[in-house]
Amino acid sequence: MTGLEDYTDDRQSQQKQTHITFSNVDHPDSRGDYAEEEKMRKHYQAAKSLKDTSVNRKRIVGDFLVAVDKEVTQGNEGAIEELFEGFSG
């Protein structure tokens with residue numbers, strides 16, 4: 001199981017952006033370095049797969065980021081779990 005501490009970024013001096021791009025790690029010009037190659041490949045494939053569905057990717061990622069923010073920065077334990085429970089309810 002993965003904990004939130006596994007998602008922290010030690011690169012404090014990097015420029016912060018408000019968009020997320022999943023690069024195709026199989027492309028020669030790919031510059032991904034945020035995770036292991038196989039994990040980045042799965043992220044890219046999932047994003048590409050969902051692109052042609054009715055799932056609103058911006059909304060689901062946004063809601064997930066809100067839940068992580070509530071849990072990590074605001075100390076609202078259970079915010080992420082509450083979001084996931086909403087998916088099955």
>> Tell me every residue that passes side-chain contact (heavy atoms from CB on, under 4.5 Å) with S54, counting only those two or more places apart in sequence or in another chain.
In response: none
> Which residue pairs pass the side-chain hydrogen bond (donor to acceptor under 3.5 Å, both in side chains) test when at least one of the two sits in residues 43-52, sequence neighbours left out?
Replying inline: Y34-H43
> Between T21 and H19, which heavy-atom pair has the shortest distance, and what is it?
Replying inline: OG1-CD2, 3.6 Å
> What distance do I80 atom CD1 and L65 atom CG have between them, rounded to the nearest 0.5 Å?
Replying inline: 10.0 Å
> Can you name the salt bridge (Lys or Arg N to Asp or Glu O under 4.0 Å) partners of E38, sequence neighbours left out?
Replying inline: R41
> Considering residues at least two apart in sequence or located in another chain, which fulfil the side-chain contact (heavy atoms from CB on, under 4.5 Å) criterion with E36?
Replying inline: none
> With sequence neighbours excluded, what pairs up with E77 under the side chain to side chain donor-acceptor pair (under 3.5 Å) test?
Replying inline: none
> What's the shortest heavy-atom distance between A67 and A79, and which atoms?
Replying inline: O-CB, 3.6 Å
>> For a 4.5 angstrom cut-off between non-hydrogen side-chain atoms, does F87 reach I60?
In response: yes
> How would you list all residue pairs meeting ring-ring contact (aromatic ring centres under 6.0 Å, His included) that involve residues 56-77, not counting sequence neighbours?
Replying inline: none
>> Just to verify, what does A46 make a side-chain contact (heavy atoms from CB on, under 4.5 Å) with, not counting sequence neighbours?
In response: none
> Sequence neighbours excluded, which residues qualify as side-chain contact (heavy atoms from CB on, under 4.5 Å) partners of L50?
Replying inline: T53, V55, R57
>> With rounding to the nearest 0.5 angstrom, report the CG to CE distance, N24 to M40.
In response: 10.0 Å
